[in-house]
Amino acid sequence: MRWQTMRWQKTPLGLAFENRGTVDRPKIALSIWSKDRLDRRFVAGLVDEITYRYNLQLDLTDFYRRSKNDPQLGPIMDRWRGMRPLNYSSLYEYLMIAIVLQNATVRRSVQMMQALLENYGTRLFYDSQELYCAWEPKVMDRATEQELRDLKVGYRAKSIKRVTAAFAQREIDEFDLRTRSREEQRQALLGLYGIGPASVEYILSDVFHHLDALSYISPWEQKIYSKLFFDVSPDEPVPTDKLLALFDSRFGAFKMLAVHYIWEDLFWRRKNEKVEWLEKLIRL
DNA sequence: CGGCAGGTGCGGA
DNA sequence: TCCGCACCTGCC
């Protein structure tokens with residue numbers, strides 16, 4: 001069972017997902033909790049939205065064909081066939097997460113996000129769960145920068161305020177952006193204060209499902225890729241343009257997806273056995 | 001303690 | 001276009 005909250009058309013919802021199928025015959029049972037009764041059209045719209053966000057219609061056949069014989073991906077595909085990138089956040093929510101991730105350790109990012117949810121989000125109790133649901137932009141839009149700073153988000157308060165204002169004033173619209181080209185999406189995102197190339201890359205792949213959105217590699221990722229693909233010391237990492245060229249030739253239109261599978265596999269391994277070199281490169 | 005982290009905006013070359 | 005730098009906060 002997988003629980004998550006979702007704010008859809010202003011309504012806070014408690015959701016529970018349950019697997020009722022197999023990799024080859026996938027099937028999900030969805031349960032929905034809400035304060036008021038939901039009509040048929042609302043639920044149909046919600047199901048469409050979840051289908052988009054989870055990219056449930058994605059056909060991975062070509063990807064499997066291409067990666068089957070890749071020396072690195074082949075074995076991973078045997079373990080992870082059927083997996084697809086998962087993002088359940090709206091664009092606005094993802095932007096908030098991207099901002100608190102910047103220049104911070106995971107522990108601190110979690111702490112900042114929790115403080116924001118407790119102050120601006122909605123607490124839900126359902127199915128024996130206690131989870132926060134994200135706030136609407138217009139709710140946070142009333143907060144001052146100082147109020148946000150008091151939640152220990154530091155200089156990110158300014159970015160949070162300005163991105164929130166852009167959504168509250170409808171300068172940016174997720175559903176409109178979904179119909180635009182990747183370049184238009186990139187430009188719109190870069191135009192947001194506090195959103196740079198690293199955040200944009202994650203959003204293009206996780207929110208807008210561009211499976212080839214990989215043109216920027218941050219320093220910490222560079223070290224890990226250098227070890228994974230060239231087995232070199234993190235002290236002398238492979239230049240990012242060389243890494244990007246390798247991803248292009250090896251994985252082409254699926255390069256982001258390919259790298260995603262490799263990350264998942266790496267962190268799954270890390271959960272069960274210590275991956276010594278990796279421990280030094282990530283800070284929790 | 002000082003240094004630095006899952007980045008970014010800004011000013012100046 | 002491509003640098004160098006400041007930036008909140010908490011942890012090592």
Side-chain angles (χ1 to χ4, degrees), chain A residues 85-89 91-120 140 143-167 171-172 183 185-207 213-229 234-235 237-244 247 255-256 259-271 275-284:
Chain A
L86 168 67
N87 167 54
Y88 55 84
S89 306
L91 172 61
Y92 172 70
E93 291 158 17
Y94 199 107
L95 284 161
M96 294 297 113
I97 294 165
I99 291 168
V100 301
L101 283 174
Q102 291 166 12
N103 222 28
T105 55
V106 171
R107 190 201 307 260
R108 217 183 137 220
S109 298
V110 169
Q111 181 200 316
M112 288 189 273
M113 200 61 204
Q114 191 61 28
L116 292 172
L117 283 168
E118 285 172 8
N119 279 273
Y120 301 101
M140 180 178 273
T144 63
E145 185 179 326
Q146 189 55 50
E147 282 166 22
L148 293 174
R149 277 181 179 265
D150 291 344
L151 300 179
K152 312 282 188 191
V153 299
Y155 60 85
R156 298 167 193 82
K158 190 176 176 186
S159 308
I160 293 171
K161 273 277 334 160
R162 291 186 56 172
V163 170
T164 297
F167 277 82
E171 288 162 19
I172 183 162
E183 235 5 78
Q185 291 167 345
R186 182 194 299 279
Q187 289 311 318
L189 295 169
L190 281 175
L192 294 167
Y193 185 91
I195 301 303
S199 301
V200 166
E201 192 100 283
Y202 292 138
I203 292 169
L204 287 177
S205 77
D206 289 346
V207 177
L214 184 53
S215 56
Y216 176 85
I217 297 175
S218 64
W220 68 278
E221 293 169 326
Q222 179 189 11
K223 291 175 192 164
I224 291 175
Y225 290 144
S226 295
K227 171 69 182 171
L228 279 178
F229 290 92
D235 305 328
V238 177
T240 56
D241 53 353
K242 197 172 169 187
L243 290 167
L244 289 169
F247 295 156
K255 58 186 170 178
M256 188 65 212
V259 165
H260 181 88
Y261 268 75
I262 288 167
W263 275 108
E264 281 299 322
D265 189 66
L266 179 63
F267 278 83
W268 183 256
R269 263 164 47 207
R270 178 177 171 271
K271 255 175 119 170
V275 182
E276 206 46 60
W277 62 269
L278 184 61
E279 297 306 318
K280 296 183 193 114
L281 295 179
I282 52 174
R283 291 185 46 180
L284 302 178

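As a basis for the values below, the full set of heavy atoms in this structure was taken, side chains included, without hydrogen atoms, waters or symmetry mates. The structure displayed is predicted, hence computed values, not measured ones.
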J.: Can you tell me the distance, in whole Å, between the CG atom of Asn103(A) and the P atom of dG9(B)?
T.: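 Taking atom P of dG9(B) as the reference, CG of Asn103(A) is at 13 Å.
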J.: Would you mind pulling out the nucleotide paired to dC8(C), Watson-Crick or G-U wobble, both distances under 3.5 Å?
T.: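 Partner of dC8(C): none.
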J.: Between Arg108(A) and dC11(C), is there a contact of a side-chain N or O with OP1 or OP2 at under 4.0 Å?
T.: no
J.: CD of Glu201(A) versus P of dT8(B): gap in Å, rounded?
T.: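 Whole-Å distance recorded here is 11 Å.
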J.: Measure the distance from CG on Leu189(A) to P on dT8(B) and round it to the nearest whole Å.
T.: 11 Å
J.: Are Val200(A) and Tyr216(A) packed together at the side-chain level, in the sense that at least one heavy-atom pair is separated by less than 4.5 angstrom?
T.: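 With C-beta onward as the side chain, the pair stays apart.
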J.: Could you check whether Ile195(A) gets within reach of a base, just the sugar-phosphate, or nothing at all, counting any heavy atom under 4.0 Å?
T.: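 Ile195(A): backbone/sugar contact only, no base atoms under 4.0 Å.
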J.: Indicate, with a heavy-atom threshold strictly under 4.0 Å, whether Tyr202(A) touches base, sugar-phosphate, or nothing.
T.: nothing
J.: Can you spot which of Val153(A), Ile99(A), Leu151(A), Leu148(A) makes a side chain to side chain contact (heavy atoms under 4.5 Å, CB included) with Met112(A)?
T.: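 Answer after filtering Val153(A), Ile99(A), Leu151(A), Leu148(A): Val153(A).
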J.: Report the distance from atom CG of Leu101(A) to atom P of dC8(C), rounded to the nearest whole Å.
T.: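 Atom CG in Leu101(A) sits about 19 Å away from atom P in dC8(C).
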J.: Where the side chain of Lys152(A) is defined as all heavy atoms beyond and including C-beta, which of dG9(B), dG10(C), dG7(B) is the nearest nucleotide?
T.: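 Selected nucleotide (nearest to the side chain): dG10(C).
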J.: Starting the side chain at C-beta, find the nucleotide from dG9(B), dT8(B), dC8(C) nearest to Ala198(A).
T.: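 For the Ala198(A) side chain, the nearest candidate turns out to be dT8(B).
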J.: Within a radius of less than 6.0 Å around OH of Tyr202(A), do more than 12 heavy atoms belonging to other residues, nucleotides or ligands occur?
T.: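 Enclosed: over 12 neighbouring heavy atoms sit under 6.0 Å from OH of Tyr202(A).
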J.: Could you identify which residues of residues 153-161 of chain A place a heavy atom less than 4.0 Å from some atom of DNA chain B, listed by residue number, or say none?
T.: Tyr155(A)
J.: Within this structure, what is the OH-to-P distance between Tyr193(A) and dG7(B), rounded to whole angstrom?
T.: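 Rounding to the nearest Å, OH of Tyr193(A) and P of dG7(B) are 17 Å apart.
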J.: Any strand counts, and the cut-off is 3.5 Å on both contacts for Watson-Crick or G-U wobble. Which nucleotide pairs with dG6(B)?
T.: none
J.: In this structure, how many angstroms lie between the P atom of dG6(B) and the NZ atom of Lys223(A), rounded?
T.: 8 Å
J.: Let me know the distance between CG of Asp241(A) and C1' of dC2(C), rounded to the nearest Å.
T.: 15 Å
J.: Go through dT8(B), dC11(C), dC7(C) for me and flag the one nearest to the Arg107(A) side chain.
T.: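 So the nucleotide nearest the side chain must be dC11(C).
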J.: Under 4.0 Å, heavy atoms only, any strand: does Leu192(A) hit a base, just the sugar-phosphate, or nothing?
T.: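 Sugar-phosphate: the residue Leu192(A), judged by heavy atoms under 4.0 Å, touches backbone atoms but no base.
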J.: Taking the side chain as everything from C-beta on, heavy atoms only, tell me whether Leu116(A) gets closer than 4.5 Å to Met96(A).
T.: no
